[in-house]
*Asks:* 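First the structure, which I've put down as structure tokens, then a few questions once you've had a look.
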2 protein chains.
Amino acid sequence: MRPKKTESNPRYDALIGLLWASESLWNASRVFFVRWDLGPSQFNVLKLLHDQPEGCTQTELSRALLVHRSNVTGLLNRLERRKLIVRRDNDADRRAYRVEITAGGRKLVERILPHYHHAAAQMWGDLPEKRVRQIVDDLSQVSRNADRSSKPTPITPTHDARA
Amino acid sequence: MRPKKTESNPRYDALIGLLWASESLWNASRVFFVRWDLGPSQFNVLKLLHDQPEGCTQTELSRALLVHRSNVTGLLNRLERRKLIVRRDNDADRRAYRVEITAGGRKLVERILPHYHHAAAQMWGDLPEKRVRQIVDDLSQVSRNADRSSKPTPITPTHDARA
DNA sequence: GATTAACTGTTGACTCATAAACAATCTATG
DNA sequence: CATAGATTGTTTATGAGTCAACAGTTAATC
């Protein structure tokens, strides 16, 4: 099923390649996590809470993970059912929970992490350290550009808002 | 909400950065496509069929798009309802459809593509052509490694299958 | 030619994502 | 203080993804 030749734009092709790579990675990570009966998204939540011992609100979680508030609800429900996280009441703000990881959740993350690091290293094959770092820099620029294009021009509220 | 310092692995960090960038891009592309009331996945289907005038089966589509067979069903249902694609009967194989893009679908894709190319170019900012191409190469290697790790060792059936 | 094996698309149950609307709560501002 | 506005988390509806199981069809093999 060879695709038809179409007018080629290297930057467009590169974008497709990037999305393709990340889809491959995401699929691989789904397979990777089945061993522990976790989805990649669930692990991301756990990892974040693991590095955030004070806990955080669901909205903070949603912003850190780049997902919608309403999605966090179900994600946490599933994790709470398995006692990997808890929703504690927040005295300072009775609207919000303070979500924390449990001892069990922490243990699970720490059991998984070494394998994850190992698998991640494999993905880059024998690419030299320097190139990897270069890619990280370039991609963070891409992230910024993407965010800028999808958000409605934040307009820095810090004095002096001339466009 | 600063994250806790944890033992750092550059290749792991790079992977997270890659996934992060692609999530940003995906979100941006979702916003981008609302104008035409399309999801990114729907557009991917249309684009593929656009470059494939002979049409293809749903399974071929699923392989090309890296998604499950069962997902293609709903995707095509939504596109068919809007008359952007058609499922034609396949005389040679009565199990399979031959999915084709309609004139309307083709027109839509061709209206969108220029904007898409433009937006894609923006994402890379002023990164020099050479670096962009470099990234494409490196990422295609990553894709291969990811696929290898998630698929159960294909074992090339071409003679000589000693592990 | 009949049976077995493989493949095609759909369905149902589930996860993960969005957006819109809602009650409860906090924060400003009059 | 009152009230208007913003924010927090949930619900509902929908899109997009997985997997497992199914009927129908094709292919292979005996």
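Chain naming here is simple, since letters A, B, ... match the order of the sequence lines and numbering starts at 1 in each. As the structure is a computational prediction, the values presented were derived from the model and not from experiment.
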*Asks:* Do B:Arg11 and A:Gln122 get their side chains close enough for a donor-acceptor pair, meaning under 3.5 Å?
*Replies:* no
*Asks:* Which whole-number value in Å describes the distance from A:Trp26 CH2 to D:dT18 P?
*Replies:* 13 Å
*Asks:* Do you reckon B:Leu66 sits in the same ILVMFWY cluster as B:Val142, going by side-chain contacts under 4.5 Å, direct or chained?
*Replies:* no
*Asks:* Donor-acceptor pair, distance only, cut-off 3.5 Å: does the side chain of B:Glu60 make one with the backbone of B:Thr57?
*Replies:* yes
*Asks:* Heavy-atom contacts under 4.0 Å between residues 65-77 of chain A and DNA chain C, which residues?
*Replies:* A:Leu66, A:Val67, A:His68, A:Arg69, A:Ser70, A:Asn71, A:Leu75
*Asks:* Under 3.5 Å, is there a donor-acceptor pair linking the side chains of A:Arg131 and A:Gln134?
*Replies:* no
*Asks:* Look up atom CD in A:Glu80 and atom OH in A:Tyr97, then write down how far apart they are to the nearest 0.5 Å.
*Replies:* 8.0 Å
*Asks:* Atom CD of A:Glu23 and atom P of C:dC16: how far apart are they, to the nearest Å?
*Replies:* 17 Å
*Asks:* Extract all donor-acceptor atom pairs below 3.5 Å that involve side chains of residues 17-33 of chain A and protein atoms in other chains or at least two apart in sequence.
*Replies:*
unit_1	atom_1	unit_2	atom_2	d
A:Ser22	OG	B:Ser22	OG	2.5
A:Ser24	OG	A:Trp20	O	3.3
A:Ser24	OG	B:Asp147	OD1	3.3
A:Asn27	OD1	A:Arg30	NH2	2.8
A:Asn27	ND2	A:Glu23	O	3.4
A:Ser29	OG	A:Trp26	O	2.9

*Asks:* Any side-chain N or O of B:Arg30 less than 4.0 Å from the OP1 or OP2 oxygen of C:dA19?
*Replies:* no
*Asks:* Does a nitrogen or oxygen in the side chain of A:Gln42 sit under 4.0 Å from OP1 or OP2 of C:dT15?
*Replies:* no
*Asks:* A:Arg63 has an atom CZ; how far is it from atom C1' of C:dA17, in whole Å?
*Replies:* 18 Å
*Asks:* Given atom CG of B:Asn44 and atom P of D:dG15, what is their separation to the nearest angstrom?
*Replies:* 17 Å
*Asks:* Whole angstroms only, please: what is the CD-C1' distance between B:Glu60 and C:dG9?
*Replies:* 14 Å
*Asks:* Output the residues of residues 84-99 of chain B in contact with DNA chain D, where contact means a heavy atom of the residue under 4.0 Å from an atom of the strand; sort by number or write none.
*Replies:* B:Asp93, B:Arg94, B:Arg95
*Asks:* According to a 4.5 Å side-chain heavy-atom criterion applied to Ile, Leu, Val, Met, Phe, Trp and Tyr, with indirect links allowed, do B:Leu113 and B:Leu38 form part of one hydrophobic cluster?
*Replies:* yes
*Asks:* Rounded to whole angstrom units, what separation is found between the CZ atom of B:Arg78 and the C1' atom of D:dG17?
*Replies:* 10 Å
*Asks:* Taking atom C1' of D:dT7 as reference, at what distance in whole Å does atom CG of A:Leu61 sit?
*Replies:* 16 Å
*Asks:* Would one find a side-chain N or O of A:Ser41 under 4.0 angstrom from OP1 or OP2 of C:dT15?
*Replies:* no
*Asks:* Can any side-chain N or O of A:Arg78 pair as donor or acceptor with the backbone N or O of A:Gln42 at less than 3.5 Å?
*Replies:* no
*Asks:* Before giving the answer on salt bridge (Lys or Arg N to Asp or Glu O under 4.0 Å), spell out for A:Asp51 and A:Lys47 the whole-Å C-alpha distance, their side-chain angles and the decisive distance to 0.1 Å.
*Replies:* CA-CA 6 Å; A:Asp51 296 346; A:Lys47 174 67 164 62; 2.7 Å; yes
*Asks:* Does A:Gln58 make a side-chain N or O approach to OP1 or OP2 of D:dT7 shorter than 4.0 Å?
*Replies:* no
